[in-house]
2 protein chains.
Amino acid sequence: MPSRRIADELRERIRRGDYPPGFKLPSERNLAADFSTARNTATAALSILQKEGLVDRKHGSGWYVRTHRPLLRLGSNRYSHALREQTGLSPFRAEVQKQGRTARVDCTSIAPSRPPEVVADRLGVDPDSESVIRRENWYYADDEPVQAGVTYIPLEVAGDSVLATSANMGKGSLYARFKDRGYDLTRVREEICARMPTPEEAERLQMSGGVPVLVVLHTGIDQNNKPFEVTEFVMRADTNALDYNMPIED
Amino acid sequence: MPSRRIADELRERIRRGDYPPGFKLPSERNLAADFSTARNTATAALSILQKEGLVDRKHGSGWYVRTHRPLLRLGSNRYSHALREQTGLSPFRAEVQKQGRTARVDCTSIAPSRPPEVVADRLGVDPDSESVIRRENWYYADDEPVQAGVTYIPLEVAGDSVLATSANMGKGSLYARFKDRGYDLTRVREEICARMPTPEEAERLQMSGGVPVLVVLHTGIDQNNKPFEVTEFVMRADTNALDYNMPIED
DNA sequence: TCAAGCAGCTGGCTCAAGCCAGATGACGTA
DNA sequence: TACGTCATCTGGCTTGAGCCAGCTGCTTGA
């Protein structure tokens, strides 16, 4: 199987470091000649490596060994009261700045909405009416999109506060506003899965082939053990990792 | 672009439910005829959908809409003392049985070993000598492999107990044995990322195309806030999800 | 000196044809 | 009835050809 042979050979060269991150691989036509196959076969070999997330293609330019970007590590401490009060920064901004990069968050829409099934279930609200405020956010590091987050807030929680009306959350950001309204973040539930991005996600997050997304369904729980907010994060897996540190409970 | 057109059309049929989960799609040759293209193009279209994780191929049989398997949800409570004492089952077994499936765990090797860099760092042991016991486990649900786990235990923690010698951990399983030796699991750190599987992982976990893996680097921390065990889990993302519920700490 | 333009690289995608290999079911034989 | 065989489905993979489109750097002319 020529394509496997080529892929195995190239994978080995990458593993050994002959082809370091960022390295430009021989062109498809040259590879084909080197291995005495058709160009299609060389392309197939490279596509195998792309599916494995080892290489990436640039139209008109060539194939490159994927560079391992520094991962953003979003930890459980991102909800810590201390962190929030010390820095005044949102957890995302804090993490990006720590890595010397420039953070940007775009709030692209705020509107009453019908919640998805799971969200309605987690919040205990009506899935069949516009029972929540939906806030959509896009997160950038150095103008590179790295994650999206859609927050759902029950109408009675948001009221007519900035939570329901404004992109600008003011000092202390989102959770400070919840606290203002009597909801103190006490616990979080985070349900995590991974999958390949939809075409829309891949486009909006500027993702290349062979990169999955991490999906985090986050539920914020207050001092009375009641959920008051759900956010679904969709994160590029090549630029995001999660880091939880938590006590064992009985 | 014919292949995109075919992919878009099929994706839409799947989304609408015309092609329900498990449905057998028209053969490549038939698709090509239906859309008046070459067979190659039909194959390309199906491959696009496979990368998105929507369909799957069976050699000699056909292309099928992927069925969404019930996810195993491995929660933060999997380390709970209560759970362990009530059921006497390992967290994995408990979860699988809850779903009415049959669990199996194979311990494929136990041996002294040099730890990988990250592991040595998390444990604070020497990365350049055989400073840990390495235990490799494979986890099955209904004889389908769903995850692998490699546990690293510092030599002085394992001693010559069953931790270093035996696949069979006895009642209460792994963490009961740690507790016997004075290490009481008090906190865990879990670092999570997602990526495409290596060819070896894909083969051993019997994974089909377009499915990523979740990688969890788990560190067990004792009553003195010292790490005593690290496990790297590699889990099929189509059969595993994580469900954490934790308090916010200051 | 500088910039416009073009040649010749690169991948993107398609075609038509062919042979191999796994799966499956009908059919005929024991 | 039970089982093996085989025709004929299915995907797996390769070939070699061709045309389009993005990128890059050299050349040439103002």
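We name chains A, B, ... by the order of the sequence lines, and we start the count at 1 in each one.
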Short side-chain donor-acceptor distance under 3.5 Å, T67(A) and Y64(A):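 No, no side-chain donor-acceptor pair sits under 3.5 Å.
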Could I get a table of every N or O pair under 3.5 Å where one atom is in the protein and the other is in nucleotides 25-27 of chain D?
none

[X]/[Y] ion pair, N-O < 4.0 Å:
{"X": "R104(B)", "Y": "D106(B)", "value": "yes"}
{"X": "R11(B)", "Y": "E9(B)", "value": "no"}
{"X": "E136(A)", "Y": "R134(A)", "value": "yes"}
{"X": "E52(B)", "Y": "R195(A)", "value": "no"}
{"X": "E191(B)", "Y": "R73(A)", "value": "yes"}
{"X": "E28(A)", "Y": "R39(A)", "value": "yes"}

Polar atoms only, N or O, under 3.5 Å: list the protein pairs with nucleotides 23-25 of chain C and their distances.
unit_1	atom_1	unit_2	atom_2	d
dA23(C)	O4'	G60(B)	O	3.2

With heavy atoms under 4.0 Å as the rule, sort T43(B) into base, sugar-phosphate or nothing.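 T43(B): no heavy atom of the nucleic acid under 4.0 Å.
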Just to be sure I understand the rule, does S3(B) reach a base, reach only the sugar-phosphate, or reach nothing, if contact means heavy atoms closer than 4.0 Å?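 Answer is sugar-phosphate: S3(B) comes under 4.0 Å of backbone atoms only.
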Below the 4.0 Å mark, does [N] have OP1 or OP2 next to a side-chain nitrogen or oxygen of [X]?
{"X": "T41(B)", "N": "dC13(C)", "answer": "no"}
{"X": "R39(B)", "N": "dG18(C)", "answer": "no"}
{"X": "N30(A)", "N": "dC9(C)", "answer": "no"}
{"X": "R57(B)", "N": "dG12(D)", "answer": "yes"}

Would you mind reading off the distance between [X] atom [atom1] and [N] atom [atom2], rounded to a whole angstrom?
{"X": "R4(A)", "N": "dA21(C)", "atom1": "CZ", "atom2": "C1'", "value": "13 Å"}
{"X": "F35(B)", "N": "dA16(C)", "atom1": "CZ", "atom2": "C1'", "value": "20 Å"}
{"X": "K24(B)", "N": "dG22(C)", "atom1": "NZ", "atom2": "P", "value": "17 Å"}
{"X": "D56(B)", "N": "dG22(C)", "atom1": "CG", "atom2": "C1'", "value": "15 Å"}
{"X": "I48(B)", "N": "dG12(C)", "atom1": "CD1", "atom2": "P", "value": "12 Å"}
{"X": "R5(A)", "N": "dT14(D)", "atom1": "CZ", "atom2": "P", "value": "10 Å"}
{"X": "M1(A)", "N": "dG22(C)", "atom1": "CE", "atom2": "P", "value": "10 Å"}
{"X": "Q50(A)", "N": "dC13(C)", "atom1": "CD", "atom2": "P", "value": "10 Å"}

Closest to side chain of T37(B), choosing from dG11(D), dT14(D), dC15(C):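 The answer is dC15(C), which lies nearest to the side chain.
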Picking from dG11(D), dC13(C), dC13(D), which would you name as closest to the side chain of N40(A)?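 Nearest listed nucleotide: dC13(C).
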Side chain to side chain, [X] and [Y], heavy atoms closer than 4.5 Å:
{"X": "F233(B)", "Y": "V150(B)", "result": "no"}
{"X": "T151(B)", "Y": "V230(B)", "result": "no"}
{"X": "L74(B)", "Y": "D243(B)", "result": "no"}

For V96(B) versus T102(B), what's the shortest heavy-atom pair and its separation?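 In terms of heavy atoms, the two residues are closest at CG1-C, 3.8 Å.
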Need to verify one output field. Residue with the more 5' nearest nucleotide on DNA chain D, A42(A) or R29(B)?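 Its nucleotide being nearer the 5' end, the pick is R29(B).
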Between protein and nucleic acid, restricted to nucleotides 5-8 of chain C and to nitrogen or oxygen atoms under 3.5 Å apart, what atom pairs and distances do you find?
none

In this structure, is the centre-to-centre distance between the rings of H218(B) and Y244(A) below 6.0 Å?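 That pair fails the under 6.0 Å test.
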